[in-house]
2 protein chains.
Amino acid sequence: MNRMNFIKPAIPETTLRRLLYYMRCLRTYKKDGVKTVLSDNIAKKCGVKSSVVRKDLSYFGEFGVRGKGYDVDELCHKLDTMLNSLGPINTIVIGAGKLGTAIINHSKENFKTNIIAAFDKNRDKTGKNINGVPVYSLDKLEDIIKENNIKIAVIAIPPCEVQPVVDRLVSAGIKSILSLALLPINVPEGVEVSFFDVLSEVEYLFLKLNFKES
Amino acid sequence: MNRMNFIKPAIPETTLRRLLYYMRCLRTYKKDGVKTVLSDNIAKKCGVKSSVVRKDLSYFGEFGVRGKGYDVDELCHKLDTMLNSLGPINTIVIGAGKLGTAIINHSKENFKTNIIAAFDKNRDKTGKNINGVPVYSLDKLEDIIKENNIKIAVIAIPPCEVQPVVDRLVSAGIKSILSLALLPINVPEGVEVSFFDVLSEVEYLFLKLNFKES
DNA sequence: TATACTATGTGATTGTGAGAACAAGCACAT
DNA sequence: ATGTGCTTGTTCTCACAATCACATAGTATA
Ligand SMILES: NC(=O)c1ccc[n+]([C@@H]2O[C@H](COP(=O)([O-])OP(=O)(O)OC[C@H]3O[C@@H](n4cnc5c(N)ncnc54)[C@H](O)[C@@H]3O)[C@@H](O)[C@H]2O)c1
Ligand SMILES: NC(=O)c1ccc[n+]([C@@H]2O[C@H](COP(=O)([O-])OP(=O)(O)OC[C@H]3O[C@@H](n4cnc5c(N)ncnc54)[C@H](O)[C@@H]3O)[C@@H](O)[C@H]2O)c1
């Protein structure tokens, strides 16, 4: 049963993406001791229109006071509670190289995501910790996934190595894979794959620049 | 003058993104010696519908033969020519740490993007090469940008360091910034900023999973 | 308490992209 | 030469997301 059914209609995917951004922005306000914010403050910081912020928040409830704005602590708390009610955001990273290490370190600053473990096939890397995250050999893959009920995995290994690992991830119960290798992946129905690539983004920005310039 | 004006109407941003993916996919076909492909072959590999592939390609011209499909070499060549006509895709990376290094190495495999230089404020890192890419101190920033007419920069330094660097990038003529630090950035009108973050994506996938499960 | 003011929340409208269905055109066999 | 089969290119429809406009409900002030 979907524990988020109390959220009435289907929530746009774009709204979900922005929501995470708002929350990070709110945490900053909170840290800076700001008491109240207007939808327009959040909007400016996140580069969207204030009406978008209000509409997005309205999918989850009424948090503001008309004529006044939003209480930062309260809004933060309510959104966090909602997120926490979905359970912990646990994940694993495959590949403890430069990229994998950078991601693990990154997760220690200001994120909700817990990286439970990393995996590497190189014996020099296994058995150690990276910033508190244990690095295991691939033997342990299935056990760790099942013990921790992991549903999401991040892949940061060379492209040619990807498919066999994906197959193991899927049969161990992973439902969503984020691949940093830009290689098409075969997965059965019901498993979601997304790709993530800095250089693709650069190339996209390049195309965009070339369309806009006068 | 926009050198891509021959592309008639405004091309959807989603189409531009997918186009890059198609091209990478086609390069693989070419390398594997495949002669012709159908829109459906490309579609399956890229995880979209065949009608989307055809529509996307149709923004740029007619490349296929009805009843037969697309000639891989020809399609590759025509798309590459189009891309090349826009000039080289040059960029720089700020921060030669784990992440910056991973990106530089990554750029050597199968991408159109040339990373012209990296910059770091740590004297231990400057003056060396990473996989053929020189690492300079920040002193050289403006010179390199202007000499090479760089328009796009990738930022891979700690969040607290970002804003001053951004200011320098902007006044040196950078038009598009890809930040890997999730901190709101102030830039003048006309400069585009995008953010890119693996862990945000994980959190988004988490939300999506929680909305879909039965 | 009344009045003006301010910012939220939401219903209505517009715009845009995805998908399906169909028309068009080429290759090949007969 | 002509017909058949196949896949492209394109049109049309639908769904969804962004935007707008305004009613709503609080605050502040006199
Ligand atoms: N998407 C992006 O933006 C992006 C950016 C940089 C790099 N990359 C990709 O990420 C990959 C890793 O980059 P890196 O800089 O960390 O490289 P790296 O060489 O530093 O690390 C790769 C690690 O993966 C491990 N490994 C290899 N095969 C494995 C397997 N089958 N199972 C488990 N571990 C395995 C290696 O032992 C090594 O520790 C690169 O191949 C590149 O394609 C993607
Ligand atoms: N968006 C993502 O997906 C993602 C993933 C991993 C890390 N990160 C971010 O990227 C940053 C870098 O990660 P890393 O693992 O490479 O860290 P790192 O410590 O290995 O490297 C940081 C590098 O930046 C250099 N630097 C610091 N300040 C600088 C300045 N003002 N100008 C030029 N260079 C400067 C340092 O000398 C160092 O070499 C992290 O702070 C993290 O926030 C983002």
Taking [atom1] from [X] and [atom2] from [N], how many angstroms apart are they, rounded to a whole number?
{"X": "B:Ile11", "N": "C:dA18", "atom1": "CD1", "atom2": "P", "answer": "13 Å"}
{"X": "A:Glu62", "N": "C:dT8", "atom1": "CD", "atom2": "C1'", "answer": "8 Å"}
{"X": "A:Arg54", "N": "D:dC22", "atom1": "CZ", "atom2": "C1'", "answer": "11 Å"}
{"X": "A:Asp56", "N": "D:dA18", "atom1": "CG", "atom2": "P", "answer": "7 Å"}
{"X": "A:Glu13", "N": "C:dA18", "atom1": "CD", "atom2": "P", "answer": "12 Å"}
{"X": "A:Lys49", "N": "C:dT13", "atom1": "NZ", "atom2": "P", "answer": "20 Å"}
{"X": "B:Phe63", "N": "D:dG9", "atom1": "CZ", "atom2": "P", "answer": "9 Å"}
{"X": "B:Leu57", "N": "D:dT10", "atom1": "CG", "atom2": "P", "answer": "11 Å"}

- prompt: Does B:Ser51 make a side-chain N or O approach to OP1 or OP2 of C:dA20 shorter than 4.0 Å?
  reply: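 So the side chain of B:Ser51 is outside the cut-off, no N or O lying under 4.0 Å from OP1 or OP2 of C:dA20.
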query: Is any side-chain N or O of B:Tyr59 closer than 4.0 Å to OP1 or OP2 of D:dT10?
result: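 For D:dT10, neither OP1 nor OP2 has a side-chain N or O of B:Tyr59 closer than 4.0 Å.
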query: Is there a donor and acceptor pair, one atom on the side chain of A:Lys55 and one on the base of D:dT19, closer than 3.5 Å?
result: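 In this structure, the two groups form a donor-acceptor pair.
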query: Going by modelled atom types, is there a donor-acceptor pair between the base of D:dT24 and the side chain of A:Arg66 at under 3.5 Å?
result: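 Checked by distance alone, the answer is yes.
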Is a salt bridge present between [X] and [Y], judged by a nitrogen-to-oxygen distance below 4.0 Å?
{"X": "B:Lys35", "Y": "B:Glu74", "result": "no"}
{"X": "A:Lys151", "Y": "A:Glu192", "result": "no"}
{"X": "A:Lys49", "Y": "A:Asp40", "result": "no"}
{"X": "A:Arg24", "Y": "B:Glu203", "result": "yes"}

message: Any base atoms under 4.0 Å from A:Thr14, or only sugar-phosphate, or nothing? Heavy atoms, all strands.
response: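 A:Thr14: backbone/sugar contact only, no base atoms under 4.0 Å.
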message: On DNA chain D, does the nearest nucleotide to B:Tyr70 precede the nearest nucleotide to A:Arg18 from the 5' side, or the other way round? Give the residue.
response: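 Going by which nucleotide is closer to the 5' end, it is B:Tyr70.
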message: By nearest heavy atom, map A:Pro12 and B:Leu38 onto DNA chain D; which one lands nearer the 5' end?
response: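 Whichever sits nearer the 5' end wins; that is B:Leu38.
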message: Could you check whether any side-chain N or O of A:Asp120 sits under 3.5 Å from a backbone N or O of A:Ala96, counting only pairs where one atom can act as donor and the other as acceptor?
response: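 Side chain of A:Asp120 to backbone of A:Ala96: a pair is present.
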